[in-house]
Amino acid sequence: MQEKNTLNTKKAYLFGSPVSHSISPKMHNYSFDKLGVDATYSAVDIALDNIDSVTSYIRSDDFLGANLTMPLKTGIIKYLDELDITSRLSGAVNTIVRKNDKLWGYTTDGAGFIDSLKEIDVEIPKKKILILGAGGAAKSIITKCAIDKAKKITIAKRFNKTINDVKAFAENVSSETNCVVEVIDIEDRSALKNAINNHDILINATPVGMTSNNTLIDKSMLRPSLIVCDLIYEPEMTMLLKDAKECGCKYINGKYMLLYQGARSFKLWTNKDMPVEEVKQKYFD
Ligand code: NAP
């Protein structure tokens with residue numbers, strides 16, 4: 001292994017709060033070492049009111065790039081020079097990349113989610129997708145699925161103070177990609193049941209099921225041909241996924257989305273492929 005922390009060593013980071021639990025430093029540092037990239041990756045706890053502490057640093061010469069997690073994914077945007085289309089439409093950045101003297105914002109969550117579906121032999125083109133929730137992760141997935149030629153995307157969301165923003169987001173993605181994107185009220189049980197019956201893929205992009213044995217979907221609404229995805233990876237089997245398994249559905253949790261979004265960021269920083277199979281065996285299986 002080459003010596004790290006020399007004057008030439010490039011620095012990559014995960015910024016956000018909390019970050020101490022993150023697996024990202026392990027997967028990126030392992031991959032840098034394996035591929036002989038002279039770089040290190042560290043997680044640094046940065047709250048939103050402390051964002052100024054990173055905005056000048058990311059212009060420094062040794063900065064390779066960064067991942068952003070909550071609560072910085074939106075707040076960082078005004079400090080960047082350019083956004084790729086997925087970040088521009090979703091309004092979120094989870095990866096900063098330096099290209100020449102410019103800082104670019106990307107979001108790899110959506111592509112990472114789509115990459116993870118190959119684990120269950122599922123592809124996005126021509127699929128009708130129903131997604132629960134419209135937060136940062138949902139928007140990144142919706143945008144990328146629309147770009148990747150999903151047939152239709154329906155967002156099921158509470159009709160609360162963010163509904164108008166989400167409707168505007170849906171219209172914008174629809175007009176920029178030609179994919180039909182609609183919004184329904186997640187609390188309208190009959191509309192939700194009807195939507196599940198008419199879609200191929202169901203994605204839980206809410207935190208419901210993370211800290212309690214709870215689900216937004218009655219088991220009776222599931223059918224064996226439905227593909228069920230939960231972005232949650234701890235616990236590995238949420239109540240929604242347990243129900244999906246019992247109903248005979250194909251299902252997947254968010255563990256491999258985390259792996260593949262990291263692999264996408266790694267490629268953007270280094271132009272090299274992360275040794276995904278090794279990283280998977282070491283840290284994800
Ligand atoms: P977020 O921005 O806070 O958005 C959460 C969304 O869930 C919002 O649309 C919110 O609805 C909705 N929601 C929350 N509680 C709800 C409830 N009781 N009923 C209905 N809707 C509810 O969060 P995020 O960053 O998008 O993350 C969402 C989930 O994805 C989390 O569980 C997170 O851990 C997971 N995630 C996984 C990965 C991965 O790599 N696997 C990556 C990112 C996120 P309102 O709009 O009505 O407030």
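Since this is a predicted model, take the numbers as computed values, not measurements. Along the sequence shown, the residues carry numbers beginning at 1. In each ligand, atom 1 is the first atom listed, and ligand 1 is the first ligand listed.
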Margin query: Are Ile227 and Leu202 linked, directly or through intermediate hydrophobic residues, by side-chain heavy-atom contacts shorter than 4.5 Å (ILVMFWY only)?
Written below: no
Margin query: Tell me if the CD atom of Glu119 is crowded by more than 12 foreign heavy atoms within 6.0 Å.
Written below: yes
Note to self: Looking at Arg88 and Glu176, is there a salt bridge between them, counting it only when a charged N and a carboxylate O are closer than 4.0 Å?
What the structure shows: yes
Notebook entry, point to check: Can you tell me if Lys73 and Ser140 form a side-chain donor-acceptor pair at under 3.5 Å?
Noted result: no
Note to self: At less than 4.0 angstrom from any atom of ligand 1, which residues have a non-hydrogen atom? List them by chain and residue number.
What the structure shows: Gly133, Ala134, Gly135, Gly136, Ala137, Lys157, Arg158, Asn160, Thr162, Ala205, Thr206, Pro207, Val208, Met210, Leu216, Leu231, Ile232, Tyr233, Gly254, Met257, Leu258
Notebook entry, point to check: In the single-linkage hydrophobic clustering (I, L, V, M, F, W, Y; side-chain heavy atoms under 4.5 Å), do Leu231 and Val122 co-cluster?
Noted result: yes
Notebook entry, point to check: Looking at residues at least two apart in the chain, or sitting in another chain, which of them share a side-chain hydrogen bond (donor to acceptor under 3.5 Å, both in side chains) with Glu171?
Noted result: none
